[in-house]
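This report refers to the structure that appears directly beneath it.
Within every chain, numbering begins at 1; the chains are lettered A, B, ... in the order of the sequence lines, protein sequences first and strands thereafter.
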Protein chains: 2
Amino acid sequence: MKAFEELSTRQRNMLRFMYNYTRDRGFPPSIREIGEECDIGSTSVVNYNLNKLVDAGYLQRSGKVSRGLRIIRAIPGVSPARRILPGRGFQRVALVGRIAAGEPISLPDDIAHHIDDDDYIEVPPQLLRGFGETEVFALTVRGDSMIDSMIQDGDIVVLRRQNTADNGDMVAAWLPEDSETTLKHFYRETDAIRLQPANQSYEPIYVHPSNCEIKGRVLSVMRSYS
Amino acid sequence: MKAFEELSTRQRNMLRFMYNYTRDRGFPPSIREIGEECDIGSTSVVNYNLNKLVDAGYLQRSGKVSRGLRIIRAIPGVSPARRILPGRGFQRVALVGRIAAGEPISLPDDIAHHIDDDDYIEVPPQLLRGFGETEVFALTVRGDSMIDSMIQDGDIVVLRRQNTADNGDMVAAWLPEDSETTLKHFYRETDAIRLQPANQSYEPIYVHPSNCEIKGRVLSVMRSYS
DNA sequence: ATTATACACGAACATATGTTTGTGCGTCAA
DNA sequence: TTGACGCACAAACATATGTTCGTGTATAAT
């Protein structure tokens, strides 16, 4: 159970490479691929150091099977990023921008296209309500203008991309006439749309349907205190 | 992009096997292993159906590389369980109870002892601020009494167990004389403690230090809209 | 009947890949 | 010196594993 710093430079490089490779491709590298990347001429040297890493408690090996490697201990200097297997475990959600009262929400047309980018946040399953990675996105809230909806500066809101809403839904709405973006509970009245703050001590807003573009439904909010 | 139910029984079995195998061993199965498990006599049949799964949008294949498989779409009926790669990924946090204005926070003495229980919530790393599983716990907020601190009924607050606080910290405090629990920003003044709501439109509370037991520091809040 | 298509089988093939063996080069202790 | 040990290299070896080919059997469309 050696500490990471006690490993040789070569072994640290190998670990990092294996980690990144597995994260990016979904399966571990072969011995020869490790050698190539870490400038090791001979496969036996890779094999030798792999066994060292097993002894040090970082690796599991399955004998005789190709790519039979598994990193079983956290190593510094690597980013977790995307999951190897999809599922209702944790999901990465594209953090596509920010929301503030005075500016429209600008959404890239194709959220799925965002997949290759770096701006991601990991969201626990309870907060996703069953929706998939591609239909969900996240925004950072800027300013205190959403305070009547119990959302403050720095909060991250997770939304599902949709243009309609049911009564009672919390939605992100763009009000063209007011040049306002807001997060409110949606209620369709006979002649207007009522946007109801989450905090009872604030008054609802009434807008004409033509002055209310729904951008998405709010699924959840995450806040971190510094 | 076929739905899971449109796949043949054989293909569904293959997907599930690949998923479980990868989850349990850390790397994908070989073609022959898939065939053996799914009662397929010929490797070419496995190969054929793997390509079908690629067409259906469930799988990625890396040509010529052994075990070059990656499941890229969630499939029903499998449990995520352990992560393939270790890391500062998600952590389970004990959900030890609830907090409401009228009742004290009751914390089990040993949070670590709670580990075997079922009441857990998974928290993304950003919200833990580097603290470990044993020093952190979570509470469900009941009632609207924390509304001045931008926290509403149903919210889950993650706290670090501690009895002191620095100025500006958001803390969970039990006020014995008032029989009140509250979440506020903590400020030590010359003669009293000021408990400042997060929402500027509410007034601070001043209490005597003897009437303020700090239970923990609030690290983050999670909210899910139904 | 004919063609096309989806799916399945077995066998042969090519090679990607883990394993082993022999050797050499340092450092350190006896 | 000597020997042990950790680490590295190259080459040969054995096999695990992806790929391809020829064939067969249904079912549906023409």
Would you say [X] places a side-chain N or O within less than 4.0 Å of OP1 or OP2 belonging to [N]?
X: A:S30; N: C:dA16; answer: no
X: A:S66; N: D:dT17; answer: yes
X: A:R10; N: D:dG6; answer: no

Side chain to side chain donor-acceptor pair (under 3.5 Å) against A:R16, all qualifying residues, sequence neighbours excluded: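 Here no residue qualifies.
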
Of the options D:dT17, C:dT17, D:dT19, whose atoms approach the side-chain atoms of B:K64 most closely?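 Nearest nucleotide to the side chain: D:dT19.
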
Could you identify which residues of residues 31-55 of chain B place a heavy atom less than 4.0 Å from some atom of DNA chain C, listed by residue number, or say none?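 Nucleic-acid contacts, sorted: B:I40, B:G41, B:S42, B:T43, B:S44, B:V45, B:Y48, B:N49, B:K52.
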
Basic-acidic side-chain contact under 4.0 Å: [X], [Y]:
X: A:E135; Y: A:R161; result: no
X: A:D39; Y: A:R10; result: no
X: A:E5; Y: A:R12; result: no

Just the rounded figure in Å: distance from C1' of D:dT17 to CE of B:M18.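 The distance from CE of B:M18 to C1' of D:dT17 comes to 16 Å, rounded to the nearest Å.
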
Rounded distance (Å) that lies between atom P of C:dA8 and atom CG of B:N13: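 Between P of C:dA8 and CG of B:N13: 12 Å.
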
Just call it for B:G68: base, sugar-phosphate, or nothing, with non-hydrogen atoms closer than 4.0 Å on any strand.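 Nothing, no heavy atom under 4.0 Å.
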
Any pair counted as salt bridge (Lys or Arg N to Asp or Glu O under 4.0 Å), so long as it reaches residues 42-57 of chain B, sequence neighbours left out: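 The answer is none; no pair qualifies.
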
Looking at A:N49 and A:V45, would you say the former's side chain and the latter's main chain have a donor-acceptor pair under 3.5 Å?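 Yes; at least one donor-acceptor contact below 3.5 Å.
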
